[in-house]
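Okay, so here's the structure we're looking at.
No experiment lies behind these values; they were computed from the predicted model shown.
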Amino acid sequence: MTLKEFLENHYGGKHVRIYVDGGARVSGTTRQVLAYVKRDQLDKPIKQISPVNDEMVDVAI
């Protein structure tokens, strides 16, 4: 599953933090992240998803 598929179709939470190559790159609402993340990163497969709390998940790509 790609990052874009996950954010648009499978994640109903409010906040997400994206990690690229082990470092946090962007954090915010799902809409903010989709607007900020570069197109080539949206098509990357997800390596790991970790829930932080009821309203946030960490996603490594």
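Ile46 has its side chain out of reach of Thr2: every pair of non-hydrogen atoms, C-beta onward, lies at least 4.5 Å apart. No side-chain heavy atom of Arg17 sits less than 4.5 Å from a side-chain heavy atom of Val59. By the 4.5 Å heavy-atom criterion applied to side chains, Val57 and Val52 are not counted as neighbours. Contact check for Met1 versus His10: side-chain heavy atoms found under the 4.5 Å cut-off. No side-chain heavy atom of Tyr11 sits less than 4.5 Å from a side-chain heavy atom of Leu3. For the pair Pro51 and Met56, the minimum side-chain heavy-atom distance is 4.5 Å or more. The shortest side-chain heavy-atom distance between Tyr19 and Asp58 falls under the 4.5 Å cut-off.
His15 contributes atom NE2, which lies 12.0 Å from atom CG of Asp54 (distance to the nearest 0.5 angstrom). In this structure, NZ in Lys38 is found 9.5 Å from CZ in Arg25, a value given to the nearest 0.5 Å. Annotation: the span from Arg31 atom CZ to Leu7 atom CG amounts to 12.5 Å, rounded to 0.5 Å. Atom CG of Asp21 is separated from atom CD1 of Ile61 by 8.5 Å, given to the nearest 0.5 angstrom.
Crowding of Lys4 atom NZ: a count of heavy atoms from other residues, nucleotides or ligands under 6.0 Å not exceeding 12.
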Run the side-chain contact (heavy atoms from CB on, under 4.5 Å) check on Thr29 and Lys14 step by step: do they pass? CA-CA 6 Å; Thr29 65; Lys14 295 182 179 181; 5.9 Å; no
Which is it for Gln32 and Thr30 under the side-chain hydrogen bond (donor to acceptor under 3.5 Å, both in side chains) test, yes or no, and what are the steps along the way? CA-CA 6 Å; Gln32 289 171 331; Thr30 304; over 6 Å; no
